[in-house]
K.L.:
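Pasting a structure here, questions to come.
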Amino acid sequence: MRISILGCGYVGAVTGACFAELGHDVFFVDVDPAKVEAIGSGVSPIFEPGLNELLAKNHTRISATTDTHQAIQETEITFVCVGTPSNSDGSIDLTYIRSACRDIGNVLKQKDEKHIIIIKSTVLSGTTERIVRQILEEVSEKKAHVDFGLASNPEFLREGSALSDFFSPDRIVIGVADDYAHRALDKLYSSFDCPKLCTAIPVAEMIKYVSNAFLATKISFANEVGNICKKMEIDTAEVFAGVGMDHRINPAFFQSGIGFGGSCFPKDVHALIAKAEELGVNPRILKEVSRVNDEQPLRLLDLLEKHVPDLENKKIGLLGLAFKPNTDDVRDSRAAPLVEELLRRGATVLAYDPMAMGNFKRLYPQIEYASSADSVLEADAILIATEWKDFENLNYKNKVVIDGRRIEKAQEGSTYEGVCW
Ligand SMILES: NC(=O)c1ccc[n+]([C@@H]2O[C@H](COP(=O)([O-])OP(=O)(O)OC[C@H]3O[C@@H](n4cnc5c(N)ncnc54)[C@H](O)[C@@H]3O)[C@@H](O)[C@H]2O)c1
């Protein structure tokens, strides 16, 4: 098929490259010329293991442009993969969705062939059938599900393992309301050997939010239990190894630590809370999930102050800035509240991350960045905020290490404290 991808960030770049690998012709579109230029020259605009290789390998099937008009005219199906960040009150910000839909609508108005629009961005239940549909219909002067196809296909990939998540998903969810889009998505995913769940569009949208909200809940639960276990001098990891053996529970997402970050869990939990409140429902569990997550990184600093009571003018080393290993994404990284609080308490910060220093520097230019993980160890004490494999190879002997991610090697010969262990 001929596919256009609107938005070449983490989801768009991966989705497009993977569809190209499956033999489809892919037209990438972004409003950011730097991303378009990168993809056009076979280079990934983001760090994701294997993505550069996939883009280079399939370059004959790939085009990239800032011209939405050209991309939609030359393709049959468009995946909308633009960002859906949070407003300051936690509700979902649909600015990019609205603008992308206006762009698409303008092209649909002039396009003779029937086109299909698939919303892959994470949007609250009802967004596609109300807001997206309304904009597309108004601008194009055509009718959704009649003159053009419209469907939802939420994305479940995890940064850091996004390619294998694309090719071997647990399930594919498609929300449809017209046969045209339904048939196209069936064809597109026909080679995938996994459960395919076909629902109404609002249900598909809700499945995405509830999945993320539940995973976030699991993490905050593991952290709360970890805080209790630490006080009781019980190993929380052993506890969860036993708990996870119950097939009703499952062991994933039970690593106690300093909480979840990234571009999805925090904002999706906030958006669901805001939506629930708008509907007059008090989402008590979700509010606590978010509160536990906000407090958890700060526990690392309370532990640090046990060993370094006065942080004024102390140099604190920070290992890990990405919100998790194998990505350069720093959105809602747990390192951010650590840096803010360290600076507020008068410390200076020497930070290192194998991939995310460039992105973090744009947010926090005022801290010092180390050229290697080793040089961070010269600081007065070290905090570990991301579980990069590289951090398992350092010599932490005689250092004060406060660990938010359970790096086993950091316990050898050091003055060591783990956040939940
Ligand atoms: N990052 C993830 O791990 C992940 C996983 C699942 C779902 N999602 C969801 O997918 C969506 C995209 O997430 P992301 O992390 O890829 O975001 P991102 O911010 O990395 O990328 C979005 C891209 O869209 C571009 N854009 C904005 N408006 C545009 C327009 N009108 N036309 C073309 N391009 C435009 C931006 O320049 C940017 O490059 C969000 O809704 C997110 O919640 C993300």
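Keep in mind that the numbers below use all heavy atoms, side chains included, and drop hydrogens, waters and symmetry copies. None of these values were measured; they are calculated from a predicted model. Order of listing sets the numbers, starting from 1, for every ligand and every atom in it.
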K.L.:
Within the distance-only criterion (no hydrogens, no angle test), does the side chain of Ser152 pair as donor or acceptor with the backbone N or O of Gly175 below 3.5 angstrom?
P.N.:
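Side chain of Ser152 to backbone of Gly175, a donor-acceptor pair under 3.5 Å: no, none is there.
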
K.L.:
What does the contact table look like for ligand 1 (nitrogen or oxygen on each side, cut-off under 3.5 Å)?
P.N.:
from, atom 1, to, atom 2, distance (Å)
ligand 1, 1 (N), Glu159, OE2, 2.8
ligand 1, 1 (N), Ser263, OG, 3.2
ligand 1, 3 (O), Glu159, OE2, 3.2
ligand 1, 15 (O), Arg331, NH2, 2.9
ligand 1, 16 (O), Tyr10, N, 3.0
ligand 1, 16 (O), Val11, N, 2.8
ligand 1, 19 (O), Arg331, NH1, 3.2
ligand 1, 20 (O), Tyr10, N, 3.3
ligand 1, 34 (N), Gly7, N, 3.4
ligand 1, 37 (O), Asp30, OD1, 2.6
ligand 1, 39 (O), Asp30, OD1, 3.4
ligand 1, 39 (O), Asp30, OD2, 2.6
ligand 1, 39 (O), Lys35, NZ, 2.8
ligand 1, 41 (O), Thr84, OG1, 2.5
ligand 1, 41 (O), Thr122, N, 2.9
ligand 1, 43 (O), Thr122, OG1, 3.4
ligand 1, 43 (O), Lys267, NZ, 2.7

K.L.:
Would the Phe19 and Phe166 ring centres measure less than 6.0 Å apart?
P.N.:
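Yes: the rings meet the under 6.0 Å criterion.
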
K.L.:
Between the main-chain N or O of Val43 and the side-chain N or O of Asn52, is there a donor-acceptor pair closer than 3.5 Å?
P.N.:
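The answer is no, because no donor-acceptor pair under 3.5 Å joins these two groups.
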
K.L.:
Can you confirm if the NZ or CZ of Arg171 lies within 45° of the ring axis of Phe156 and under 6.0 Å from the centre of its six-membered ring?
P.N.:
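The answer is yes; both the distance and angle limits are met.
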
K.L.:
Under 30°, 30 to 60°, or over 60°: which ring-plane class applies to Phe254 and Phe221, parallel, tilted or perpendicular?
P.N.:
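Tilted: the ring planes of Phe254 and Phe221 meet at 30° to 60°.
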
K.L.:
About how many Å separate NE2 of His115 and OG1 of Thr75, when rounded to the nearest 0.5 Å?
P.N.:
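Reported value, rounded in 0.5 Å steps: 4.5 Å.
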
